[in-house]
Amino acid sequence: MAVNQESGFLTTKVSDFLGWCRKYSLFPYPFVTACCGMEYMSVSSAHYDLDRFGAAWPRFSPRQADLLMVVGTISHKMAPVLQMVYAQMCEPKWVMAFGVCTCTGGFYNNYATVQGIDTIVPVDIYVPGCPPRPEAVIDGIIKLQKKIQADHHSMFGPKSDERN
Amino acid sequence: MSETKKNNPSPVLDQLIARFGEAVQIADAPHGDTVIVEPTKAAEIIGWLKNEPGLDFNMLMDLHGVDYLPRDPRFEVVYQLYSLKHNRRIWLRVQLGELNPEIESVVSLYLGANWLEREAWDMFGIVFSGHPDLRRILMYEEFEGHPLRRDYPFNKRQPICPPLTKHL
Ligand code: SF4
């Protein structure tokens, strides 16, 4: 058996299995600051029902969440708070930029707005739109799940790419 | 409409001019009674409008700054007062120069002016002397300059968090 080898048959399967578990048990933390929040409510409630994709139960403590959904405009004044929330989440964790404000700053090309949250926290999936339709968010979740499945997962320790 | 206003000043404007004379000028404005008042007299005039029986402008609807950059005097502070009793409004405009735009605070008259004056300070750098706590209200303390001034570069950014370098 290949149990003791470092990258043998069994460890690969463990990674796949963990990825499969993790992608269907995303606990989102909604960091809702602006109008996109309306669309977040729509996508997470019964009509569009994110529960079908295993990403339904919002946790309002970052320590219990593994998907940070940044929903709405992030101002420079808010940026340290977002970084703090991201730092408080346990590994493995993923970040979704929900809406064009979080992707690039959108049309708020001004003194107050962070020009894309990827300048302050690493982002895994971008969902553009102002606001994005629930279908787009669901598509983003599915793409993120594919990404999670393709990642390397280990039982203990951080994600293999060790960002931040 | 503005013509009519000019030719038939409302009773409030009549009283205002009778009381303060030169310190008050009627401005041509389509939306209603508007006067340009002298900066040194503004707080006194507002106090009078608030307390004079028969006028009772007991509510400060809004207070904001304006920057008319090429113009001299450059800044303006606009007060919009409302009388709940008589359902009447009046606008007061105060013109302030570019250097040391400063005006007396009206927080002692209207408590609601507190945050409005802080906002005008934050955005335009207009100083309200006698304000109990003149700090920034929207921008963060580290921010330099006043973002709604017309000479603030529109693409200037002052992020608090340093940009991420180590990812992806
Ligand atoms: S992307 Fe549009 S809807 Fe979403 S927060 Fe920005 S302005 Fe609001």
Side-chain angles (χ1 to χ4, degrees), chain A residues 31 33-34 68 70 72-89 91-97 101-126 143-144 147-148 150-152 158-164, chain B residues 62-71 74-78 96 98 101 114-128 131 133-168:
Chain A
F31 193 89
T33 56
L68 176 61
V70 186
T73 327
I74 300 296
S75 62
H76 286 304
K77 200 173 177 179
M78 189 57 120
V81 181
L82 179 60
Q83 275 192 335
M84 171 78 84
V85 166
Y86 179 78
Q88 284 177 338
M89 291 169 65
E91 290 279 0
K93 54 189 171 184
W94 298 275
V95 179
M96 172 188 268
C101 280
T102 49
C103 293
T104 64
F107 43 73
Y108 297 116
N109 184 5
N110 61 21
Y111 59 91
T113 307
V114 174
Q115 303 297 296
I117 58 160
D118 49 6
T119 58
I120 50 174
V121 292
V123 176
D124 292 276
I125 183 97
Y126 298 84
K143 287 204 163 69
L144 177 65
K147 179 176 175 168
I148 293 172
D151 252 355
H152 177 82
K159 274 194 293 182
S160 53
D161 52 350
E162 275 197 79
R163 297 160 317 169
N164 267 3
Chain B
D62 204 356
L63 182 162
H64 48 263
V66 193
D67 182 1
Y68 293 96
L69 178 56
R71 195 188 77 176
R74 176 174 165 183
F75 295 106
E76 237 171 52
V77 179
V78 183
L96 300 170
E98 176 153 13
N114 189 323
W115 283 14
L116 298 171
E117 289 183 351
R118 278 175 65 187
E119 188 191 9
W121 152 249
D122 191 0
M123 294 289 134
F124 294 97
I126 295 165
V127 179
F128 293 85
H131 189 287
D133 182 23
L134 196 63
R135 288 181 286 133
R136 290 189 182 279
I137 187 167
L138 294 172
M139 304 313 292
Y140 31 97
E141 285 300 324
E142 300 88 338
F143 195 86
E144 281 170 15
H146 301 281
L148 287 196
R149 285 193 173 189
R150 298 197 122 187
D151 50 7
Y152 186 89
F154 85 95
N155 53 2
K156 184 173 171 190
R157 304 282 184 269
Q158 303 187 33
I160 310 181
C161 302
L164 267 196
T165 46
K166 192 190 136 200
H167 77 282
L168 297 180

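Quick caveat, the model's predicted, so the values are computed rather than measured. Every chain is numbered from 1, with letters handed out A, B, ... down the list of sequences.
Atom CZ of B/Arg71 is surrounded by more than 12 heavy atoms from other residues, nucleotides or ligands within 6.0 Å. Residue B/Glu144 places its CD atom among 12 or fewer non-hydrogen atoms of other residues, nucleotides or ligands, all under 6.0 Å distant.
Only the backbone of A/Asn110 comes within less than 4.5 Å of a heavy atom of chain B; no side-chain atom from C-beta onward does. Interface remark: B/Leu148 contributes side-chain atoms only to the contact with chain A (heavy atom separation under 4.5 Å). There is no contact between B/Pro153 and chain A, counting heavy-atom distances below 4.5 Å.
Contact record, B/Cys161 with A/Pro80: SG-N, 3.6 Å, taken as the closest heavy-atom pair. Closest heavy-atom contact between B/Arg157 and A/Tyr111: NH1-N, 3.9 Å.
Rounded to the nearest 0.5 angstrom, B/Gln158 CD and A/Lys77 NZ are separated by 13.5 Å.
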